[in-house]
**Student:** 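Sharing a structure here in structure tokens format.
For clarity, every value in this text was computed on a predicted model and none was experimentally measured. Along the sequence shown, residues are numbered consecutively beginning with 1.
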Amino acid sequence: MDYKKVDNKWILRIDKGEEIISTLKKFSKDNNIKCGFISGIGAVNKIRLGVFGIEKKAYNLRDFSGDFEVTSLIGNITTTDDDDIYVHLHATIADIQCNAHAGHVKSAYVSITSEIVIDEVDTIVGRDKEPDLKINIFRF
């Protein structure tokens, strides 16, 4: 990974073989980023996407392997109750036939490169467990 900072924006290049969420989490910890908005593109060869099933109160997960373009990667950085970094991402990927798949990102491994911008916000937004569904929601 490599990066540069311009004003309140961090411009990152995540390299082949790196896992996106864990890389962003470590980067945020190392640079004391407590709140931010993420956007990006790139290529992955292994990704796990999910959609939350309200009745099951759990994510329905699907693994994808092969050549995929990340046509949209969006999300945010917040903190947990114990002041840990929480990276929340959604993505749309396209396969070799340009068929799209989308969902909540559980993990994603870069196959060529990933170009990401973090728009850092000078505040702290926490997370609470929503009592019924047990998912993490914003706490202000």
**Student:** Hey, does Ile11 have a side-chain heavy atom less than 4.5 Å from the side chain of Lys5?
**Tutor:** no
**Student:** Can you list the steps and then say if Lys26 with Leu24 is a side-chain contact (heavy atoms from CB on, under 4.5 Å)?
**Tutor:** CA-CA 6 Å; Lys26 182 179 183 323; Leu24 290 174; over 6 Å; no
**Student:** Indicate if Ile135 and Phe138 have the same hydrophobic cluster label, given that clusters are the connected sets of ILVMFWY residues with side-chain heavy-atom separations under 4.5 angstrom.
**Tutor:** no
**Student:** Is Ile116 reachable from Met1 through a run of I, L, V, M, F, W or Y residues, each pair having side-chain heavy atoms under 4.5 Å apart?
**Tutor:** yes
**Student:** Rounded at 0.5 Å granularity, tell me how far CD1 in Ile85 sits from SG in Cys35.
**Tutor:** 9.5 Å
**Student:** What I want to check is whether the side chains of Tyr86 and Asn136 have a donor and an acceptor closer together than 3.5 Å.
**Tutor:** yes
**Student:** Enter the distance from Ser114:OG to Ile41:CD1 here, rounded to the nearest 0.5 Å.
**Tutor:** 8.0 Å
**Student:** Looking at Tyr59, is Lys106 sitting on its ring face, NZ or CZ under 6.0 Å from the six-membered ring centre and within 45 degrees of the normal?
**Tutor:** yes
**Student:** Could you point out which residue of Ile124, Thr123, Val125 forms a side-chain contact (heavy atoms from CB on, under 4.5 Å) with Phe140?
**Tutor:** Val125
**Student:** For atom NZ of Lys16, decide whether the heavy atoms of other residues, nucleotides or ligands shown that lie under 6.0 angstrom number more than 12.
**Tutor:** no
**Student:** Identify whether the distance between the nearest side-chain nitrogen and carboxylate oxygen of Asp132 and Lys57 falls below 4.0 Å.
**Tutor:** yes
**Student:** With a cut-off of 6.0 Å (strictly less than), are more than 12 heavy atoms of other residues, nucleotides or ligands near CG of Asp7?
**Tutor:** no
**Student:** Following the transitive rule for hydrophobic clusters with a side-chain heavy-atom cut-off under 4.5 Å over Ile, Leu, Val, Met, Phe, Trp and Tyr, establish whether Ile21 and Ile47 coincide in one cluster.
**Tutor:** yes
**Student:** So which heavy atom on Ile118 is nearest to which on Gly36, and how close?
**Tutor:** CG2-CA, 4.5 Å
**Student:** Rounded to the nearest 0.5 Å, what's the gap from NZ on Lys29 to CZ on Phe27? Could you check?
**Tutor:** 14.5 Å
**Student:** Specify the closest pair of heavy atoms between Ala108 and Glu19, including all atoms of both residues, with the distance to one decimal.
**Tutor:** N-OE2, 2.9 Å
**Student:** I'd like to know if Asp122 and Lys34 make a salt bridge, using a cut-off of under 4.0 Å between side-chain N and carboxylate O.
**Tutor:** no
**Student:** In terms of ring plane angle, is the pair Phe64 and His101 parallel, tilted or perpendicular, where the classes change at 30° and 60°?
**Tutor:** tilted
**Student:** Taking atom CG as the centre, does Asn60 end up with more than 12 heavy-atom neighbours from other residues, nucleotides or ligands that are less than 6.0 angstrom away?
**Tutor:** yes
**Student:** Is there a path of hydrophobic side-chain contacts, each under 4.5 Å between heavy atoms, that joins Ile54 and Ile137?
**Tutor:** yes
**Student:** For a quick test of reading the model, state the closest non-hydrogen atom pair linking Ile20 to Val110 and the distance between them.
**Tutor:** CG1-CG2, 3.7 Å
**Student:** How long is the span from the CD1 atom in Ile77 to the CD1 atom in Ile38, to the nearest 0.5 Å?
**Tutor:** 4.0 Å
**Student:** Give me the atom names and distance for the closest heavy-atom approach of Glu18 to Thr23.
**Tutor:** CB-OG1, 3.8 Å
**Student:** Short question: side chain of Thr80, backbone of Asp84 - any donor-acceptor pair under 3.5 Å?
**Tutor:** yes
**Student:** What's the separation between atom CH2 in Trp10 and atom OG in Ser28, rounded to the nearest 0.5 Å?
**Tutor:** 9.5 Å
**Student:** Can you give me every donor-acceptor pair (side chain of residues 69-76, partner residue at least two apart or in another chain, under 3.5 Å) with its distance?
**Tutor:**
unit_1 : atom_1 : unit_2 : atom_2 : d
Thr71  : OG1    : Thr92  : O      : 3.2
Asn76  : OD1    : Arg127 : NH2    : 2.9

**Student:** Report yes or no: does Asn31 contribute a side-chain atom to a donor-acceptor pair with the main-chain N or O of Ile33 at less than 3.5 Å?
**Tutor:** no
**Student:** Can you tell me how far apart CZ (Phe68) and CG (Asn99) are? Round to the nearest 0.5 Å.
**Tutor:** 9.5 Å
**Student:** Would you name the heavy atoms of Leu49 and Gly103 that are closest together and state the gap between them?
**Tutor:** CD2-O, 3.9 Å
**Student:** Decide whether Asn8 and Asp119 meet the rule of one side-chain donor and one side-chain acceptor closer than 3.5 Å.
**Tutor:** yes
